[in-house]
Peer 1: 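Supplied in structure tokens, the structure appears directly below.
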Amino acid sequence: FDKILIANRGEIACRVIKTCKKMGIKTVAVHSDVDSSAVHVKVADEAVCVGPAPTSKSYLNMDAIMNAIKQTGAQAVHPGYGFLSENKEFAKRLAAEGVTFIGPDTHAIQAMGDKIESKLIAKAAKVNTIPGFDGVVKDAEEAVKIAGEIGYPVMIKASAGGGGKGMRIAWNDEETREGFRFSSQEALSSFGDDRLLIEKFIDNPRHIEIQVLADKHGDALWLNERECSIQRRNQKVVEEAPSTFLDPDTRRAMGEQAVSLANAVKYSSAGTVEFLVDSKKNFYFLEMNTRLQVEHPITECITGLDLVQQMIRIAKGYKLQHKQSDIPINGWAVESRVYAEDPYKSFGLPSIGRLSQYQEPLDLPNVRVDSGIQEGSDISIYYDPMISKLVTYGKTREEALKKMEDALDNYVIRGVTHNIPLLREIIVHPRFVSGDISTKFLPEVYPDGFKGHMLTAGERRELLATAAALYVAAQLRSQKFLGDLRVSVVPAESRQWELCVELDKGVHMLGVSRSGNNYTVEIDGEKVEVSGEWNLASALLPITINGKHRTLQCLLRTAAGEISLQYLGTSVAEGQEICVIEAMKMQNSMTAAKTVKSVHCKAGDTVGEGDLLVELE
């Protein structure tokens, strides 16, 4: 192809453009009016505005995108993920115009996009499937009847769904009725299709997916697995490849079933077959995503393949360049999804704002950041609040995780609330480190919600010592002026200080002594050695504490000398539902314990964090 249009925005648009540039292909970006100065628009060769901010009027506006294709003469379209990537009508319209869709054909999109049809095809292709009802559920009472036959717990989910939208788990008849209502509403608002199906809910499973790659000549490969069990609200948070859980035989069996399914629908392009895996390594087909996955970079790290390049080659009609025996597992890769979200609210509710300071940890080795923003970018209410995908790679899992820890500590994000504190806690948690994980990891590890890092006694001492050393360094700096002492006659510079430091309402007396950039701090009879450059103008403070390297961040410095540091990343009964807030297409229900005094919003209003919605007596 000479020119490809990318029908997407943000990090995935930038990711596709990067490979196109490498292949010498010109690129066209599409954008909404609020995205006119977005990074994907700047890095593309051409850009076309396709409408106002709401996705239905821009990134989902097929007429406007078809016009952009005609206007620019693009020969092919890469849809990224989300938006129109699994829309068979869009693929049909492109085919009618003689434009190549960089993805599978409409038959595969149709067959795999419908969860009911896909399950029947999977069964016929001898792929393990979850016990359940194979038809469309008509109403809430039929849902209750079917759930009773399958046996609780059951999963109610949108037939056209994905991304955790339109899914509810029910443990009894009442929850089934409520789940049916919520799921159908969510499915209608997210996909314009409110059909639901019901299946047995596999309790405490792992979510492991197989990446497949197939060409138009009947050849297909599986590119190993990705472990995606760390999730909140059915959306992935941390992924890794390979999985600690699979042995070579299970991996091969899953890979072969994934390829068998791809062959059954004559699949061509990159695709992903998702499985639930129970504690005994039984695996069950969940769904097939007929597009590039968000978490594809970890597969690229361990196989050395560029999946976007493979998709473009396959779309043009080339044969696969590799055989199954060519596909390696080299090392280990971990991906953290960095979101503009408040992790202290339900493990992450969207946060909006402008990135006042933004610095990716790209100076560290074996770190990859896929992002579509920069300093000054706005995180708006209209789109997914993802900031980036932070990927680290190592020869071993231990090495990849240590690199992730360093990368998160060195990632500077100011202006929006973000989930780095939660990501950092996950990757150092003993259960995660040992590989003892399931899709229930977050609610099990944090049953009362995420509260931030809980300091150990040793970490408290480290933090107190660092704060003391930083305070002294700042004081000494303020006495200097262009390298000279401010007044000619002053007493010799002090080498020892007595400080009183408060931490978590506890007051500590500290003794500090200094030699150059090295400080010895005495706390409760124990000595802590702290050294560093102490550059307070930098957002990052790399220091050494008792021989251990740590990176702290200086979040805030006031004129009064106050310094705020980041260290180690740090329901109601009467039960009548008073309003439902939809944040990023996820419905969040609020229930009232008191009488409602007044309502300040109406259905369909766009609401932001901190807006007054309902007043209670």
Side-chain angles (χ1 to χ4, degrees), residues 357 359 361 363-365 367 399 402-412 420-421 424 428 453-504 506-570:
Q357 196 177 0
Q359 198 176 308
D363 52 342
L364 301 177
V367 171
E399 195 182 307
K402 180 71 187 84
K403 284 191 160 62
M404 181 59 76
E405 204 180 319
D406 291 345
L408 289 166
D409 282 346
N410 281 274
Y411 204 149
V412 178
I420 282 180
R424 199 188 183 290
V428 298
H453 183 75
M454 301 301 163
L455 294 171
T456 63
E459 288 167 350
R460 289 173 76 85
R461 279 196 297 275
E462 283 188 12
L463 182 54
L464 286 164
T466 304
L470 197 55
Y471 172 79
V472 171
Q475 292 296 309
L476 290 173
R477 180 150 308 169
S478 67
Q479 293 167 16
K480 295 264 202 300
F481 183 65
L482 290 179
D484 294 321
L485 292 169
R486 282 188 183 172
V487 281
S488 52
V489 187
V490 289
E493 197 180 273
S494 175
R495 299 266 179 227
Q496 290 198 311
W497 296 262
E498 290 291 322
L499 299 176
C500 172
V501 182
E502 195 178 316
L503 177 61
D504 285 345
V507 176
H508 303 262
M509 299 305 295
L510 275 57
V512 183
S513 56
R514 168 181 173 258
S515 168
N517 281 333
N518 303 321
Y519 292 82
T520 303
V521 184
E522 195 164 316
I523 307 167
D524 306 329
E526 296 214 23
K527 286 189 173 173
V528 181
E529 303 287 339
V530 188
S531 63
E533 289 299 313
W534 310 110
N535 176 7
L536 298 180
S538 167
L540 296 172
L541 288 170
I543 55 172
T544 304
I545 309 174
N546 284 345
K548 268 190 311 207
H549 181 74
R550 288 238 189 263
T551 302
L552 278 72
Q553 293 197 23
C554 182
L555 300 179
L556 180 71
R557 240 184 114 206
T558 66
E562 287 175 33
I563 297 172
S564 168
L565 292 177
Q566 175 181 304
Y567 170 66
L568 300 178
T570 186

Peer 1: Are the side chains of Val367 and Tyr411 in contact, using a 4.5 Å heavy-atom criterion?
Peer 2: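 Tyr411 vs Val367: side chains apart.
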
Peer 1: From Asn410 CG over to Asp363 CG, what is the distance, rounded to the nearest 0.5 angstrom?
Peer 2: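 Going from CG on Asn410 over to CG on Asp363, the span is 6.5 Å.
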
Peer 1: Enter the distance from Asn535:CG to Leu540:CG here, rounded to the nearest 0.5 Å.
Peer 2: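 Those atoms lie 10.0 Å apart.
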
Peer 1: Quick test of your reading: applying ring-ring contact (aromatic ring centres under 6.0 Å, His included), list the pairs with at least one residue in residues 513-538, sequence neighbours left out, ordered by first then second residue.
Peer 2: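 Matches after skipping sequence neighbours: Tyr519-Trp534.
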
Peer 1: Please find the pair of heavy atoms, one from Cys500 and one from Val507, that lie closest to each other, and give the distance.
Peer 2: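 Looks like SG-CG1, 3.2 Å.
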
Peer 1: If you compare all heavy atoms of Val530 against all heavy atoms of Ala465, which two are closest, and at what distance to 0.1 Å?
Peer 2: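 Taking every non-hydrogen atom into account, CG2-CB, 3.8 Å.
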
Peer 1: Which atoms form the tightest heavy-atom contact between Ile523 and Arg461, and what is the distance?
Peer 2: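 Closest approach of Ile523 to Arg461, heavy atoms only: CD1-O, 3.3 Å.
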
Peer 1: So do the side chains of Leu364 and Lys403 get within less than 4.5 Å of each other, counting heavy atoms only?
Peer 2: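 A side-chain contact is absent here, since even the closest heavy-atom pair is not under 4.5 Å.
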
Peer 1: Would you mind reporting whether Val472 and Leu499 have side-chain heavy atoms less than 4.5 Å apart?
Peer 2: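 Counting from C-beta outward, Leu499 and Val472 do come under 4.5 Å.
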
Peer 1: Identify the two heavy atoms, one from Leu565 and one from Cys554, that lie closest to each other, and give their separation to 0.1 Å.
Peer 2: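 Taking every non-hydrogen atom into account, CD2-CA, 4.4 Å.
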
Peer 1: CG of Asp524 to CG of Leu510: how many Å apart, nearest 0.5 Å?
Peer 2: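 Answer rounded to 0.5 Å: 8.0 Å.
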
Peer 1: Would you check if Thr466 and Leu541 make a side-chain contact, meaning some heavy-atom pair closer than 4.5 Å?
Peer 2: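 Of all side-chain heavy-atom pairs linking Leu541 with Thr466, none is under 4.5 Å.
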
Peer 1: Drop me the distance from Leu464's CG to Met509's CE, to the nearest 0.5 angstrom.
Peer 2: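 So the gap between those two atoms works out to 12.0 Å.
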
Peer 1: Could you walk me through whether Val528 and Ile545 pass the side-chain contact (heavy atoms from CB on, under 4.5 Å) check?
Peer 2: CA-CA 7 Å; Val528 181; Ile545 309 174; 3.7 Å; yes

Peer 1: What residue pairs, at least two apart or across chains, pass salt bridge (Lys or Arg N to Asp or Glu O under 4.0 Å) with a residue in residues 539-551?
Peer 2: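 As it turns out, the salt bridge (Lys or Arg N to Asp or Glu O under 4.0 Å) pairs with a partner in residues 539-551, which skip direct neighbours, are Glu462-Lys548, Glu462-Arg550.
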
Peer 1: Between Ser515 and Asn518 (side chain of the first, backbone of the second, donor and acceptor by atom type, cut-off under 3.5 Å), is there such a pair?
Peer 2: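 No: the side chain of Ser515 does not pair with the backbone of Asn518.
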
Peer 1: Side-chain contact test, heavy atoms from C-beta onward, threshold under 4.5 Å: evaluate it for Pro542 versus Glu533 and give yes or no.
Peer 2: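 Counting from C-beta outward, Pro542 and Glu533 never come under 4.5 Å.
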
Peer 1: Under the criterion side chain to side chain contact (heavy atoms under 4.5 Å, CB included), which of Ile543, Leu470, Asp409 is the partner of Leu552?
Peer 2: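 Going through the options one by one, the only one that passes is Ile543.
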
Peer 1: Can you name the side-chain hydrogen bond (donor to acceptor under 3.5 Å, both in side chains) partners of Thr520, sequence neighbours left out?
Peer 2: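 Checked Thr520 against side-chain hydrogen bond (donor to acceptor under 3.5 Å, both in side chains); matches are Glu529.
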
Peer 1: What is the distance from atom CD of Gln553 to atom OG of Ser564, rounded to the nearest 0.5 Å?
Peer 2: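 Spacing of CD (Gln553) from OG (Ser564) equals 10.5 Å.
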
Peer 1: Do Tyr471 and Val512 have side-chain heavy atoms sitting under 4.5 Å apart?
Peer 2: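 Of all side-chain heavy-atom pairs linking Val512 with Tyr471, none is under 4.5 Å.
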
